[in-house]
> 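Okay, handing you the structure first.
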Amino acid sequence: SRLLEPSDFGVVTAALVIIGVSEIFYKLGVGPSIVQRLTITEDHIRTAFTFTLFLSLIFFVLLNIFSSLIESIYNIPNISIIIRVMSFVFLFNGVSVVAESLLERNLNFKLISFVSVISYFLGYGIIGIFLALIGFGVWSLVAAFCTSAIVKSCIVLFKQPHSKKIMFSLKHFKELIRFGGGYTLNRLVNYGALQSDNFIAGKMLGAETLGYYSRAYTLMSLPATLFEKSVSKVLFPILSKVQKDKERLSRAYLKATHLSSMLLFPVSSVLFVLGPDIILFFLGSQWLHAVYIFQIMSISVYFRSAYKIGATLVRAEGSVYKMLVLQFIYFALIIISSIIGAYYHDVIGIAIGTSVTVLIHYLLTSILTIRITQSSPIDFIKAHIRGIVLSVVLLLILWPLVYLLKKIELSSFNILAISSVFLVLFLIVLIRFEERIIGKEMYMLYKNVEEKVKRLFRYQNSLRNG
């Protein structure tokens, strides 16, 4: 971010909106259907592979044909050529959809995480930074995206072999699409809700403003995204296997809700207080316009991530069409709030409008999930109490501390360093109280991490003594 202009990120973000919509269409929920089905045959796999390969080729051609029309709609110069280049990844993604879904079905989450980290590091950590350093500008982001996607597809195909015979069975396709069709509609509407604010910001306020907005959102959502991806990837295949057991679904939902509230409510407080210093240190002074956007959206960190837990459970239970109604409401509210916000209060208005809409969507999704799992509303409320109290306590302590540090004119780096030390000490104090303060789920998570760290140290010592 320090090497590129906000407008560079704005152009790529606008292009990614189109790329993302196309990916939803050519995958058509086939991958999640493979994960969700209780039984799957070789014919299911071959049919899914043939179908996604065919559709990915079609959408690659369509984007190359209509990219100029998309540029005229966006009114952002040079976005058409960027869309054409980025659509090249469809040729790889279409081939690897089934392999990645089989990894999820087999609960091979360590490999999935490893592939994601390696591909991101090679794409953005090496190729992207190198090209930005030598002056490639917006094309460094395009190259990073393509490299990351291609590397991920190649590794997944190598690690999860399956039959790649071209075959299409209408019978097996119908079985896959019965769930996949509803899932795709859900994803399409949800993606529209998640990206419509970007589209409106780019269309009404320009590429530079979209750059500020998208970078603030990306940085704000990073902790929540890491948690969300881990939970969703793990929960969906596990819950799919117990989708008929309401009691177990309810227990899993309440535990996941408690864990997410204990982690993400405090994260929200930290991001809000340290927002200006996070932006200055990680992005640089040219991104100061993103500070207020970052702080406003950080208030909704928990709700942006936690509603995905309910949505994952609804998908696993098979009630995708019930969720679709909520997604349409969410989509409509995001569009309305973004347009009104942009018209009256510029990009700050969009940040406020979308944050309020996310809260409404979380409440509606939670009501649906409680009904499906037959959970107690009281137990659901109790699952949030510890996280909220912890967040308020952290806010009341951290805010005065940061205020004093700014008064003595410390740099952003020093403020973040001192705050990090304080947060570690705060966490240690909480852990000393064990389950009485942090709850059983958080304490078990801590003990699990502690055991893994001890194993790592024992392994290192054995190598030294070896």
Side-chain angles (χ1 to χ4, degrees), residues 1-2 4-14 16-17 74-76 191-225 264-265 267-305 307 329-363 391 395 398-399 402-403 406 412 415-416:
S1 296
R2 290 178 175 270
L4 301 172
E5 296 298 321
S7 57
D8 295 331
F9 286 95
V11 173
V12 172
T13 299
L16 282 172
V17 172
Y74 258 125
N75 198 26
I76 296 178
Y191 185 82
L194 292 175
Q195 297 296 332
S196 56
D197 54 344
N198 285 327
F199 178 81
I200 291 167
K203 177 68 177 175
M204 295 180 66
L205 305 175
E208 184 175 355
T209 301
L210 174 57
Y212 289 125
Y213 183 82
S214 64
R215 282 291 89 190
Y217 176 83
T218 301
L219 196 58
M220 173 277 303
S221 63
L222 185 59
T225 300
L264 297 178
F265 274 125
V267 165
S268 183
S269 294
V270 172
L271 293 180
F272 180 81
V273 175
L274 296 175
D277 300 293
I278 291 172
I279 295 292
L280 276 172
F281 179 71
F282 288 102
L283 303 184
S285 58
Q286 72 270 32
W287 291 89
L288 282 175
H289 289 299
V291 169
Y292 288 137
I293 305 169
F294 180 88
Q295 288 183 302
I296 291 167
M297 291 194 293
S298 68
I299 298 172
S300 64
V301 162
Y302 170 75
F303 306 109
R304 289 178 184 274
S305 182
Y307 87 85
I329 296 172
Y330 182 38
F331 190 11
L333 289 176
I334 284 286
I335 292 174
I336 293 169
S337 63
S338 296
I339 293 174
I340 293 174
Y343 186 79
Y344 286 103
H345 299 288
D346 205 78
V347 69
I348 297 297
I350 297 179
I352 295 171
T354 55
S355 296
V356 172
T357 302
V358 165
L359 171 59
I360 295 171
H361 184 54
Y362 171 73
L363 294 174
S391 177
L395 184 67
L398 187 59
W399 204 340
V402 173
Y403 178 79
K406 289 181 183 292
S412 293
I415 291 174
L416 291 176

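Remember, predicted model here, so these are calculated numbers, not experimental data.
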> Mind listing the side-chain donor-acceptor pairs of residues 340-350 below 3.5 Å, one per line with the distance, residues two or more places apart or on another chain?
none

> For Q195, what residues pass the side chain to side chain donor-acceptor pair (under 3.5 Å) criterion, not counting sequence neighbours?
N198
> May I have all residue pairs that pass salt bridge (charged side-chain N to carboxylate O under 4.0 Å, His left out) and include part of residues 279-292, sequence neighbours excluded?
none
> What residues, two or more places apart in sequence or in another chain, satisfy side chain to side chain contact (heavy atoms under 4.5 Å, CB included) together with L288?
L280, V291
> Give every residue pair that meets the salt bridge (charged side-chain N to carboxylate O under 4.0 Å, His left out) criterion with at least one member in residues 289-302, sequence neighbours excluded.
none
> Mind checking ring pair (Phe, Tyr, Trp, His ring centres under 6.0 Å) for F272 and listing every partner two or more places apart, or none if nothing turns up?
W399
> According to salt bridge (charged side-chain N to carboxylate O under 4.0 Å, His left out), does anything in residues 275-284 pair up with another residue at least two apart or in another chain? List the pairs.
D277-K406
> Please enumerate all residues that pass side chain to side chain donor-acceptor pair (under 3.5 Å) together with S298, with sequence neighbours excluded.
none
> Can you label the angle between the F9 ring and the W287 ring as parallel, tilted or perpendicular, going by 30° and 60°?
perpendicular
> Check side chain to side chain donor-acceptor pair (under 3.5 Å) between Y362 and all other residues, then give those that pass, not counting sequence neighbours.
Y302, H384
> What pairs meet the salt bridge (charged side-chain N to carboxylate O under 4.0 Å, His left out) rule with one or both residues in residues 330-341, with sequence neighbours excluded?
none
> Identify, with sequence neighbours excluded, every residue that meets side chain to side chain donor-acceptor pair (under 3.5 Å) alongside S7.
none
> Return the set of residues passing ring pair (Phe, Tyr, Trp, His ring centres under 6.0 Å) with Y292 (not counting sequence neighbours), or none when no residue passes.
none
